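Step one of this worksheet: look at the structure below.
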Amino acid sequence: MSDREHEIYDVVGIGFGPSNLSLAIALEESRASVLENEVSTLFFERQPSFGWHRNMLLPSATMQISFLKDLATLRNPTSAYSFVAFLYESGRLPQFVNNQDFFPTRQEFHQYLEWAQARFADRVVYGSSVTSIRLPPGTEPELADRLRLEVTDAAGQVGRVVEARNVIVSTGLVPSMPEGAVQDERVWHSSEFLEKYRRMNPAELRRVAVVGAGQSAAEITRFLYDELPHAEVVAVIPSYGYSVADDTPFANQVFDPAAVDDYYFGTDQTREAFWRYHRNTNYSVVDDEVIRALYRRSYDDVVQGVSRLQFLNLTRVTGVKRVGSETRVTLQVGPDAEVRELDFDAFVCATGYNAMEPTKLLGDLDRHCLRDESGRYRMERDYRVVTAPEMRCGIYLQGGTEHTHGLTSSLLSNLAVRSGEIAESIISRRAGQNAERAIPARAGGDVR
């Protein structure tokens, strides 16, 4: 056991992707102005080094949000951690301005994230996984003002035990696979795409398929078509072709910070309307430019009398199995659900993600966390889990709160403001202020 067994921190973050990185920045900038309430922090990240969707850093793939929706700007326009500050320090701010584009490439945004996280190297432990959160031994719930976290190293050995007054869970989304599909060296989820692709000999990929109707599916389909000129690329799409993402100004207001209040304090009908009318801003939709690029490639095939790029619309995967060195996929194709079996050298599942679910991580603590009638965590407006009155320590979620905070709860769009609200909550509560003063509530508001 480490000799640091009795370390105590105000904040311990589980996961160090953009969400907890943004929180670290918010706490750092708050610390500068509230020195008497200095907050000690430590973050654990299971990856060996910082990485954000590394396997989807495809050439020319751009961000779907403005560079101003970075780690800090919407919370603090003068932040030294902004994307503009990164460009300035990198010596290419004039060139970026001349580019006249609000949407940097994904590779450049990843460079920005790496630049920002490097400033917190002394507060992040990589290659470490938090395996349990519990009350310290001998602590009664009514006296619980700290939580005890056990941390394992890359070898799975318990190497550190720390205590935290507040725990921030941000473990990310969980890849979702279609029915019957299990990841292996020939069946990939989009979250591992580039890593798996680079292990292959491109000459062996004569027929590949991509299933999915969203941005990742379309981008991977375009990438494979361009990178494998000898191969047949099949796009398996559950809808009738790709649908365009609505990024028009009025629709984009759904990602504004004020929209979180409208969702959280709204009626059931209000929240249902958010999803019914605005899912097409983010879910199973594709940027117009990518759709047109794919259609152009398909049309060029027709002109040349070839069929390298094929689209199977209204198609559902019902089974996946290995047959020799190939993967055999069972499909229900078209309006008549005709059953087909097709063999592929690689099968890519760009089938999205499931929401973060911290129940297993919380273990016995889960019984102190209150749930709604649907079995979901009840949440404060400041992203703090509603716990039984005797629990004085804080459990905050960065993700998994779509049911209370709406579409942006796990997206970059509201990242800076969300992290600022959590930081303000922690600092205010630490200073002994009333929770309602941390995040001002509307008249008649309640806890979801």
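Values below: every heavy atom of this structure, side chains too, minus hydrogens, waters and symmetry copies. Bear in mind that the values here come from a model prediction, so they are computed numbers and not experimental data.
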Judged by atom type as modelled, is there a donor-acceptor pair below 3.5 Å linking the side chain of [X] to the main-chain atoms of [Y]?
{"X": "Ser425", "Y": "Glu421", "answer": "no"}
{"X": "Asn414", "Y": "Val417", "answer": "no"}
{"X": "Thr315", "Y": "Asn313", "answer": "yes"}
{"X": "Tyr81", "Y": "Arg119", "answer": "no"}
{"X": "Arg279", "Y": "Val285", "answer": "no"}
{"X": "His405", "Y": "Arg381", "answer": "yes"}

Can we say [X] and [Y] salt-bridge, meaning some charged N sits less than 4.0 Å from an Asp/Glu carboxylate O?
{"X": "Arg160", "Y": "Glu7", "result": "yes"}
{"X": "Arg54", "Y": "Glu195", "result": "no"}
{"X": "Arg430", "Y": "Asp10", "result": "yes"}
{"X": "Arg123", "Y": "Glu28", "result": "yes"}
{"X": "Glu424", "Y": "Arg75", "result": "no"}
{"X": "Arg92", "Y": "Glu108", "result": "yes"}
{"X": "Lys360", "Y": "Asp366", "result": "no"}

What closest approach, in Å, do [X] and [Y] show between heavy atoms, and which atom pair accounts for it?
{"X": "Ala213", "Y": "Val286", "answer": "O-CG2, 3.6 Å"}
{"X": "Pro238", "Y": "Gly212", "answer": "CD-C, 4.1 Å"}
{"X": "Val187", "Y": "Asp184", "answer": "N-OD1, 2.7 Å"}

Between the side chains of [X] and [Y], does any donor sit under 3.5 Å from an acceptor?
{"X": "Gln215", "Y": "Glu219", "value": "yes"}
{"X": "Ser22", "Y": "Ser419", "value": "yes"}
{"X": "Asn76", "Y": "Glu29", "value": "yes"}
{"X": "Thr401", "Y": "Thr404", "value": "no"}
{"X": "Asp287", "Y": "Gln64", "value": "yes"}
{"X": "Thr318", "Y": "Glu179", "value": "no"}
{"X": "Glu89", "Y": "Trp115", "value": "yes"}

Parallel, tilted or perpendicular: which fits the ring planes of [X] and [Y], with parallel below 30° and perpendicular above 60°?
{"X": "Tyr283", "Y": "Trp275", "answer": "tilted"}
{"X": "Phe50", "Y": "Phe16", "answer": "perpendicular"}
{"X": "Phe83", "Y": "Phe86", "answer": "tilted"}

**Prompt:** Do Arg46 and Val130 have side-chain heavy atoms sitting under 4.5 Å apart?
**Reply:**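 In short, these two side chains do not touch, never coming nearer than 4.5 Å.
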**Request:** Cation-pi check, Arg297 to Tyr225: give yes when NZ or CZ is under 6.0 Å from the six-membered ring centre and within 45° of the ring axis, no otherwise.
**Result:** no
**Prompt:** Does NZ or CZ of Arg106 come closer than 6.0 Å to the centre of the six-membered ring of Phe109, within 45° of the ring's axis?
**Reply:**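 No, a cation-pi geometry is absent between Arg106 and Phe109.
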Got a second to check how far [X]'s [atom1] is from [Y]'s [atom2], nearest 0.5 Å?
{"X": "Thr281", "Y": "Asp246", "atom1": "OG1", "atom2": "CG", "result": "7.0 Å"}
{"X": "Ser190", "Y": "Lys196", "atom1": "OG", "atom2": "NZ", "result": "11.5 Å"}
{"X": "Thr387", "Y": "Leu362", "atom1": "OG1", "atom2": "CG", "result": "11.0 Å"}

**Request:** Using the side chain to side chain contact (heavy atoms under 4.5 Å, CB included) rule, take Gln398 and Ile168 through it: C-alpha gap first, then chi angles, then the decisive distance, then the call.
**Result:** CA-CA 7 Å; Gln398 293 238 57; Ile168 320 296; 3.9 Å; yes
**Request:** Might you work through the side chain to side chain contact (heavy atoms under 4.5 Å, CB included) test for Ser410 and Glu402, ending with a clear yes or no?
**Result:** CA-CA 8 Å; Ser410 61; Glu402 288 86 351; 3.2 Å; yes
**Arg371 atom CZ: more than 12 heavy-atom contacts under 6.0 Å** =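 Count over threshold, so yes.
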**Message:** Heavy-atom count check: over 12 atoms from other residues, nucleotides or ligands less than 6.0 Å from Asn354 CG?
**Reply:**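 Check passes, neighbour count above 12.
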**Item:** Steps toward side chain to side chain donor-acceptor pair (under 3.5 Å) verdict (Tyr126, Gln117)
**Value:** CA-CA 12 Å; Tyr126 288 103; Gln117 68 84 31; 2.7 Å; yes
